[in-house]
**Q** 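Dropping the structure in here first, questions after.
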Amino acid sequence: MVKVKVEGKELEVEKGTRLGEIFENLGIEKAIGGKAGQRIIDLLTPIEEDMEIVPIFKDDPESLEIMRHTLSHIMAHALKEIYGYDKVHLGIGPTTEEGFYYDVEVEGHTISSEDLPKIEEKMREIIKNNYPLFRKTIEREEAIKLFSQMKEKYKVDIIERIDLEETISLYGQDGFVDLCKGPHVPSTGMVGEFKLTHVAGAYWMGDSSKPMLQRIYGIAFWDKKELEERLRFYEEAKKRDHRRLGKELELFLIEDEIGAGLVIWLPKGAILRRLLEDYWKEEHIKRGYQLVYTPHVGNAKLWQISGHLEYYKPNMFSPMQIEEEEYFVKPMNCPFHVAIYKSKVRIYKELPLKLAELGTVYRYEMSGVLHGLMRVRGFTQDDAHIICMPEQVEEVIEETLAFAINMLKDFGFEDFKVYISTRPADAIGSTEQWELAEGSLKKAVEKLGLSYEIDEGGGAFYGPKIDIKIRDAIGRLWQCSTIQFDFNLPERFNMEYVGPDNRRHRPYMIHRAIFGSIERFIGVLLEHYAGLLPLWLSPVQVKIIPISPEKHGSYAKQIETKLKQEGIRVEIYLRDERLNARIRDAELQKIPYIVVLGDKEVESNSLSVRGKREGNMGSMSVEGFISMLLEKIKNKE
RNA sequence: GCCGGCGUAGCUCAGCGGCAGAGCGAGGCACUCGUAAUGCCUAGGUCGUGGGUUCAAAUCCCACCGCCGGCUCCA
């Protein structure tokens with residue numbers, strides 16, 4: 001007998017009684033599963049020991065996970081029914097943040113998106129039939145035999161990896177059996193609303209040397225409304241895709257004739273980029289950084305010493321031969337900044353030394369990973385290297401992190417995730433170095449009150465780091481800011497400073513970037529604002545529309561001059577179109593303010609202002625309009 | 001790089017063995033307009049590139065380049 005406690009009630013039942021039965025006895029209806037501590041168990045799970053269980057209902061987020069998991073099984077079941085039980089080989093079928101997927105191999109057929117409706121239909125049939133699910137445990141040897149017979153080679157692979165102590169469970173319904181830990185709903189009719197969305201490739205076990213399976217993705221919610229909302233969100237996200245906005249707003253150009261992953265900044269995009277750069281430079285100068293410039297290529301000897309040729313060569317552009325010497329286009333700025341540090345003897349009073357550069361680097365990225373501005377082959381890092389003494393590390397990290405967060409906030413980002421990556425297995429550097437560095441990272445994050453995740457062992461071999469990722473329009477996280485220790489380069493380049501004791505010491509070196517890359521940051525920015533940039537960053541801030549270019553053109557010109565004198569980026573709409581068409585055009589260009597000028601305005605020496613965010617704002621004086629704009633620009637609105 | 005899909009006018013796309021198409025945009029003309037599309041006319045394409053099959057290829061096949069969705073990798 002085991003004792004089970006649920007919602008304050010205690011019940012003694014026979015060992016091995018299923019959770020569903022226990023809930024039934026206690027009169028708990030409509031539970032989808034239960035939580036025992038952190039573990040989610042389903043209604044089919046036998047209870048083998050005393051425990052306290054919190055029931056999971058439909059409004060608990062965990063219930064979605066259970067239902068989605070069953071949907072992935074139903075999809076596998078449908079595939080088996082359609083393509084044959086011995087032709088479909090199943091990989092893994094987990095849940096995702098909004099649905100589920102299953103990795104499969106179908107012998108003699110490639111699933112394409114055209115097959116999805118057919119698969120969905122079969123799934124709905126299975127759901128309608130409301131097959132009860134079964135769960136049973138099985139011995140390891142027996143499991144291997146069973147799945148070998150079923151030609152489920154990937155499942156056999158999984159079983160062989162399962163810990164010897166772990167119990168192996170099977171779930172299934174009707175003629176379908178799957179190796180699975182659960183949890184599931186107890187019958188196929190109990191799942192929610194779903195839709196299969198797309199098919200993509202995925203390596204078995206995420207290993208590029210292993211075969212590639214097809215991953216079929218679906219999304220699922222309890223509520224049809226929620227599902228539809230999600231689908232609408234995807235449509236909406238497509239509209240704010242920075243690649244599309246870049247084209248529509250004439251910001252940048254990426255073309256195969258120029259080269260994959262290489263960005264051309266069009267005039268309007270160049271304004272945006274320049275604003276970012278100017279602001280970045282000002283902020284760095286304020287904080288004691290020294291701005292430098294370094295070359296785009298460097299002698300192979302340099303990259304030899306830095307270790308890049310040893311560790312980073314696959315990511316570098318091929319070398320070029322100049323007068324019997326090899327040169328490489330830089331994939332990083334670090335060695336040059338080190339050279340600046342080493343250009344003279346450094347003393348402790350100079351430290352921390354902060355060198356910063358908007359350094360354009362080129363990296364070979366595999367063609368399949370290129371993605372608009374987010375992943376390119378040539379990009380400009382807002383790079384800086386801080387060289388300091390061990391006793392300064394903590395203060396430096398704290399200051400740097402605060403700087404990064406403040407800057408991100410100035411651009412309107414609040415939704416980011418902070419990760420600290422710690423020492424990996426094959427690390428260089430002493431334990432003291434790692435401990436000091438990791439400790440300073442954690443302290444800084446905590447001091448700023450940021451929540452963070454530890455990526456245990458996720459640091460580079462040369463040092464731990466903090467990464468800040470920003471969420472994009474469709475929920476993808478992009479790494480932007482990074483603060484990384486480097487125990488490698490100071491050794492390799494024999495960096496030193498003269499301490500108060502008049503002896504030579506090895507400094508700590510910290511790499512850091514706030515935007516990460518200007519390209520990526522602008523990509524994230526565009527998606528974040530769906531192209532409607534804050535006023536201070538808008539390439540065109542005001543569009544003046546004279547109702548009749550002939551009658552009101554000269555007044556428009558006067559206004560333009562006044563605004564320009566205040567540094568406001570303004571254009572006059574001269575094309576001869578109907579007023580509504582011109583307003584529409586300016587709206588589509590996402591220009592923050594439209595100024596309409598007609599007889600009324602000329603007579604009263606005023607403006608009629610329409611804000612992209614505010615709508616029609618009515619009549620305003622020129623001075624009032626200007627001071628409103630300047631105020632907003634100053635506040636980075 | 002790998003798996004799958006896709007490259008047709010500046011943009012979005014239709015056509016899928018038999019004359020190269022639409023809408024938007026662009027240029028011109030008329031309209032002179034009060035807060036999200038005025039009407040008419042015109043120009044614009046080596047159908048990604050190269051090869052093949054065929055009487056005939058945008059269309060079928062192969063290779064390459066690029067893009068898209070993912071995987072792996074990463075700022």
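Everything quoted here is computed from the prediction, not taken from an experiment. Chain identifiers are assigned alphabetically (A, B, ...) following the order of the sequence lines, protein sequences preceding nucleic acid strands; residue numbering begins at 1 within each chain.
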**Q** How close do A:Lys354 and A:Arg287 get, heavy atom to heavy atom, and via which atoms?
**A**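 Where A:Lys354 meets A:Arg287 most closely, the heavy atoms are NZ-O, 2.8 Å.
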**Q** Checking all strands, does A:Lys247 fall into the base, sugar-phosphate, or nothing category for heavy-atom contacts under 4.0 angstrom?
**A**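 Result for A:Lys247 = sugar-phosphate.
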**Q** A:Met212 has a side chain; which of B:rA75, B:rG70, B:rG1 sits nearest to it?
**A**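 Closest of the options to the side chain of A:Met212: B:rG70.
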**Q** Within 45 degrees of the ring normal and closer than 6.0 Å to the centroid, is that where the cationic atom of A:Arg363 sits relative to A:Phe317?
**A**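 No, a cation-pi geometry is absent between A:Arg363 and A:Phe317.
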**Q** Give A:Arg375 one of three labels, base, sugar-phosphate or nothing, depending on what nucleic acid heavy atoms sit under 4.0 Å from its own.
**A**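 Result for A:Arg375 = base.
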**Q** Taking the side chain of A:Thr110 as heavy atoms from C-beta outward, which of B:rA36, B:rC71, B:rG4 is closest to it?
**A**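 For A:Thr110, the side-chain atoms sit closest to B:rG4.
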**Q** Checking contacts here: which listed nucleotide (B:rC33, B:rC3, B:rA36) is nearest the side-chain heavy atoms of A:Asp576?
**A**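 Looking only at heavy atoms from C-beta outward on A:Asp576, the closest nucleotide is B:rC33.
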**Q** What I want to find out is whether A:Glu438 reaches A:Arg423 closely enough, with some N-O distance under 4.0 Å, to be called a salt bridge.
**A**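 Result for this pair is no, no salt bridge flagged.
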**Q** With a 4.0 Å cut-off on heavy atoms, is A:Ile547 in touch with a base, just the backbone sugar-phosphate, or nothing at all?
**A**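 The residue A:Ile547 makes base contact.
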**Q** Which is true for A:Lys543 with a 4.0 Å heavy-atom rule: it touches a base, it touches only sugar-phosphate, or it touches nothing?
**A**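 Result for A:Lys543 = nothing.
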**Q** With respect to the side chain of A:His198, which nucleotide from B:rC2, B:rG34, B:rG70 is positioned closest?
**A**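 So the side chain of A:His198 is nearest to B:rG70.
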**Q** Looking at A:Arg578, does any N or O in its side chain come under 4.0 Å of the phosphate oxygens OP1/OP2 on B:rG34?
**A**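 False: A:Arg578 side-chain N/O out of range (4.0 Å or more) of B:rG34 OP1/OP2.
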**Q** Counting only side-chain N and O atoms of A:Ser208, is one of them less than 4.0 Å from OP1 or OP2 of B:rC2?
**A**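 For A:Ser208, the contact criterion (side-chain N or O under 4.0 Å from OP1 or OP2 of B:rC2) is not met.
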**Q** Is it the case that A:Lys210 places NZ or CZ above or below the six-membered ring of A:Tyr203, under 6.0 angstrom from the centre and within 45 degrees of the axis?
**A**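 No.
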**Q** Under 3.5 Å, is there an N or O donor on one side and an acceptor on the other linking the side chain of A:Glu365 and the base of B:rA75?
**A**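 By the distance-only test, yes, there is a pair.
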**Q** Base, sugar-phosphate or nothing for A:Glu519? Non-hydrogen atoms, less than 4.0 Å.
**A**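 No contact.
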**Q** Measure from the side-chain heavy atoms of A:Asn580 and tell me the nearest of B:rC33, B:rU38, B:rG1.
**A**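 Nearest listed nucleotide: B:rU38.
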**Q** Closest approach to the side chain of A:Leu370, judged atom by atom: which nucleotide of B:rG69, B:rC67, B:rA75 is it?
**A**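 The answer is B:rC67.
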**Q** Is A:Thr482 touching bases, backbone alone, or none of the nucleic acid, heavy atoms closer than 4.0 Å?
**A**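 No contact at all - A:Thr482 keeps every heavy atom at 4.0 Å or more from the nucleic acid.
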**Q** Of the options B:rA37, B:rG34, B:rG1, whose atoms approach the side-chain atoms of A:Glu601 most closely?
**A**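 Given the options B:rA37, B:rG34, B:rG1, the side chain of A:Glu601 is closest to B:rG34.
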**Q** By the 4.0 Å heavy-atom rule, please label A:Arg243 as base, sugar-phosphate, or nothing.
**A**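 Sugar-phosphate contact only.
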**Q** With a 4.0 Å cut-off on heavy atoms, is A:Phe521 in touch with a base, just the backbone sugar-phosphate, or nothing at all?
**A**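 Touches nothing.
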**Q** Salt bridge check: are A:Lys543 and A:Glu571 linked by an N-O gap of less than 4.0 Å?
**A**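 Yes, this pair counts.
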**Q** Tell me what A:Glu114 touches on the nucleic acid: a base, only sugar-phosphate, or nothing, going by heavy atoms under 4.0 Å.
**A**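 Nothing, no heavy atom under 4.0 Å.
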**Q** By the 4.0 Å heavy-atom rule, please label A:Gly368 as base, sugar-phosphate, or nothing.
**A**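 If one applies the 4.0 Å heavy-atom cut-off, A:Gly368 turns out to touch a base.
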**Q** What is the nucleic acid contact for A:Asp207, judged by heavy atoms within less than 4.0 Å: base, sugar-phosphate only, or nothing?
**A**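 No contact.
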**Q** Classify the nucleic acid contact of A:Ala260 as base, sugar-phosphate or nothing, counting any heavy atom under 4.0 Å across all strands shown.
**A**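 The residue A:Ala260 makes sugar-phosphate contact but no base contact.
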**Q** Hey, is the side chain of A:His552 poking within less than 4.0 Å of OP1 or OP2 on B:rU32, counting only N and O atoms?
**A**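 For A:His552, the contact criterion (side-chain N or O under 4.0 Å from OP1 or OP2 of B:rU32) is not met.
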**Q** Which part of the nucleic acid, if any, lies within reach of A:Glu248 when heavy atoms closer than 4.0 Å are counted: base, sugar-phosphate only, or nothing?
**A**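 No contact at all - A:Glu248 keeps every heavy atom at 4.0 Å or more from the nucleic acid.
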**Q** Does the B:rC71 base have a donor-acceptor partner in the side chain of A:Asp103 within less than 3.5 Å?
**A**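 For A:Asp103, whose side chain was compared with the base of B:rC71, there is no donor-acceptor pair (under 3.5 Å).
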**Q** Indicate the atoms forming the closest heavy-atom contact of A:Met75 with A:Ile119, along with that distance.
**A**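 That closest heavy-atom pairing would be CG-CG2, 4.2 Å.
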**Q** Base, sugar-phosphate, or nothing: which does A:Val376 touch, judged by heavy atoms less than 4.0 Å apart?
**A**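 If one applies the 4.0 Å heavy-atom cut-off, A:Val376 turns out to touch a base.
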**Q** Stacking between A:Phe379 and B:rA75, defined as ring centres under 5.5 angstrom apart with planes under 30°, is that present or not?
**A**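 Answer is yes, a stack.
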**Q** Do A:Tyr364 and B:rG1 share a donor-acceptor pair, side chain to base, under 3.5 Å?
**A**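 By the distance-only test, no, there is no pair.
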**Q** Using purine N1 to pyrimidine N3 plus N6-O4 or O6-N4 for Watson-Crick, or N1-O2 and O6-N3 for G-U wobble, each under 3.5 Å, what pairs with B:rA30?
**A**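 The answer is B:rU38, by the H-bond criterion.
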**Q** Does A:Glu121 come within less than 4.0 Å of A:Lys118, counting only side-chain N to carboxylate O?
**A**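 No, this pair does not count.
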